Asker: 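This is the structure I have questions about; it appears just below.
Throughout, protein chains are lettered first and strands after them, A, B, ... in sequence-line order, and every chain is numbered starting at 1. Just so it is clear, the values below take in all heavy atoms, side chains as well, and ignore hydrogens, waters and symmetry mates. Remember, it's a predicted structure, so these values are computed and weren't measured experimentally.
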Protein chains: 2
Amino acid sequence: MREREIVDAALRVFAQRGYHAAVVDEIADHAGISKPMVYLYLGSKENLFVACVRRSSQALVTAFREAADSGDAPELRLWRGLSAFFAFVAEDRDSWVMLHRQAPEQSEAITAELEQARESVMREVADLVRRGIDEGGADDRLGEVDVDFVAQALVGAADSLTDWMEQHPQEAPERVALRLMNMIWIGMRDVLGGEMWSPPQE
Amino acid sequence: MREREIVDAALRVFAQRGYHAAVVDEIADHAGISKPMVYLYLGSKENLFVACVRRSSQALVTAFREAADSGDAPELRLWRGLSAFFAFVAEDRDSWVMLHRQAPEQSEAITAELEQARESVMREVADLVRRGIDEGGADDRLGEVDVDFVAQALVGAADSLTDWMEQHPQEAPERVALRLMNMIWIGMRDVLGGEMWSPPQE
DNA sequence: GACTAATCTTACTTTCCAGTAAGTCTACTT
DNA sequence: AAGTAGACTTACTGGAAAGTAAGATTAGTC
């Protein structure tokens with residue numbers, strides 16, 4: 001299908017050059033057609049970019065969701081979701097570059113698209129964190145605010161660790177996810193258990 | 001000094017609009033002068049952007065470094081550094097937006113500038129993590145690879161938590177830093193102590 | 001009060017590229 | 001073989017904004 005081919009080409013070019021440096025003519029070349037065809041199928045450059053972001057973000061969200069959607073314990077589900085995320089990034093780096101580096105700057109429509117995807121994942125993560133806490137049986141020392149905090153930190157750490165992963169290509173996605181789980185989950189659980197660090201009084 | 005005023009104006013406009021949507025004429029207006037003056041002092045639009053990034057990143061790195069540069073225990077230093085980071089973000093949001101949202105997409109020169117600043121902080125954080133481990137007395141179960149991992153996750157979490165902070169403006173920077181310390185530091189320490197999570201065997 | 005040096009502006013040129021009008025080519029129909 | 005519909009291209013237009021040439025304004029000097 002033509003549209004798909006065009007989006008494929010656009011994804012590569014956008015990921016490599018960024019939105020503004022990417023020229024529609026070059027995208028058309030990559031797709032093996034001429035510029036007006038791009039406009040016939042996708043309407044405008046911005047719309048084309050949105051199509052790329054949408055496709056990539058949906059693929060990512062779906063990958064995470066399906067991996068995390070078993071009936072098992074929350075921490076296991078979270079680990080699977082994170083593994084799927086790291087696997088996605090390792091496999092389809094263009095998509096990740098697009099979502100992570102290129103898209104944030106752009107216009108309303110694009111930011112909205114991206115925000116929605118991120119929020120969607122964040123909700124899912126927050127949910128797993130919440131269940132993890134409830135299940136632990138500790139008397140809910142963490143409220144909603146804290147759950148959001150943990151989710152935000154976790155997602156941010158995962159984002160950033162994609163760079164680390166790039167420098168350690170021998171490390172399998174599941175192992176990266178495991179490292180992260182150990183860092184975050186244990187800490188969270190133990191804080192719930194009453195263990196806390198605080199600065200000395202002056 | 002003229003140059004400083006121009007950079008001030010540019011920072012505001014770039015942070016609000018992004019590099020491409022920002023028009024040099026508008027920056028000149030904000031600085032109360034006309035466009036050719038901007039070119040006289042800064043040479044080109046890109047150079048102007050680089051000047052902004054450089055100034056903001058230096059301010060941020062300095063804030064972190066000075067806060068973390070006491071002779072105290074590593075964890076206390078780390079906490080102070082993080083507090084300074086969150087305080088900086090809360091206070092000078094334009095700079096943070098610039099560094100966090102606008103700059104990543106741009107050209108070589110800019111990415112290099114930014115990368116250097118990030119790396120510089122990352123090294124410092126990694127160093128504190130390493131000392132924290134050594135001091136804990138545990139027999140170095142974490143190697144350099146692990147230290148880098150923790151540092152990367154920590155910095156990424158902090159980046160991302162600036163968004164959380166924006167939604168919880170009543171939370172003081174030190175409290176945000178404290179939350180993060182509790183999440184990461186305790187987890188890391190306990191993992192060192194041998195506590196580990198791993199997925200069940202199938 | 002003419003001279004000149006520094007500072008600044010108006011108004012222009014240039015380049016680049018998104019978007020499009022008009023026409024060509026191919027393949028299929030009758 | 002003439003007609004026509006769909007897919008596609010060449011070659012253009014329009015506009016936006018980076019960068020600049022040339023001149024105006026101000027202030028300080030003799």
Asker: So if I take every side-chain heavy atom of B:Lys45 and compare against C:dC17, D:dG19, D:dA17, which nucleotide ends up nearest?
Answerer: D:dG19

Asker: Between the main-chain N or O of A:Phe88 and the side-chain N or O of A:Asp92, is there a donor-acceptor pair closer than 3.5 Å?
Answerer: no

Asker: Report the distance from atom CG of B:Leu40 to atom P of D:dA21, rounded to the nearest whole Å.
Answerer: 13 Å

Asker: Which nucleotide wins on minimum distance to the side chain of B:Pro36, given the candidates C:dA18, D:dA21, D:dA17?
Answerer: D:dA21

Asker: When the distance from CG of A:Leu48 to P of C:dC17 is rounded to whole Å, what number comes out?
Answerer: 16 Å

Asker: When you get a sec, tell me which of C:dG19, D:dA17, C:dT9 is the closest nucleotide to the side chain of B:Ser34?
Answerer: C:dT9

Asker: When A:Glu26 is tested against each of A:Lys45, A:Arg12, A:Arg17 for salt bridge (charged side-chain N to carboxylate O under 4.0 Å, His left out), which residue passes?
Answerer: A:Arg17

Asker: Using only atom types and a distance under 3.5 Å, with no angle test, would you say the side chain of B:Gln152 pairs donor to acceptor with the backbone of A:Ser160?
Answerer: yes

Asker: In whole angstrom, give the distance that lies between atom CG of B:Asp29 and atom C1' of C:dT9.
Answerer: 12 Å

Asker: Find the distance A:Ile33:CD1 to D:dG6:C1' and express it as a whole number of Å.
Answerer: 15 Å

Asker: Would you indicate, yes or no, if D:dC8 has its OP1 or OP2 atom less than 4.0 angstrom from a side-chain nitrogen or oxygen of A:Arg2?
Answerer: yes

Asker: Please give, in whole Å, the distance from D:dA17 P to B:Glu46 CD?
Answerer: 18 Å

Asker: Are A:Lys35 and A:Asp25 ion-paired here, with the side-chain N under 4.0 Å from a carboxylate O?
Answerer: yes

Asker: Of the candidate nucleotides D:dG19, C:dG19, D:dT9, which contains the atom at the shortest distance from the side chain of B:Ser44?
Answerer: D:dG19

Asker: Quickly work out the A:Arg17 CZ to C:dC17 P distance and round it to whole Å.
Answerer: 11 Å

Asker: Measure the distance from OH on B:Tyr39 to C1' on D:dG19 and round it to the nearest whole Å.
Answerer: 5 Å

Asker: Check every atom of C:dG19, D:dA18, D:dC8 against the side chain of A:Lys35 and return the nucleotide holding the closest atom.
Answerer: C:dG19

Asker: When we call it a touch if two heavy atoms are under 4.0 Å apart, what does B:Ala22 touch: a base, just sugar-phosphate, or nothing?
Answerer: sugar-phosphate

Asker: Please test A:Phe85 against A:Trp96 for ring pair (Phe, Tyr, Trp, His ring centres under 6.0 Å), starting from the C-alpha separation and ending with a verdict.
Answerer: CA-CA 10 Å; A:Phe85 166 73; A:Trp96 179 242; 5.3 Å; yes

Asker: Which of the following nucleotides, D:dA17, C:dT20, C:dC8, is nearest to the side chain of B:Met37?
Answerer: C:dC8

Asker: The side chain of B:Tyr41 lies closest to which of these nucleotides: D:dG19, C:dC8, D:dT9?
Answerer: C:dC8

Asker: Between C1' on C:dC8 and CG on B:Asp25, what's the gap in Å once rounded to a whole number?
Answerer: 14 Å

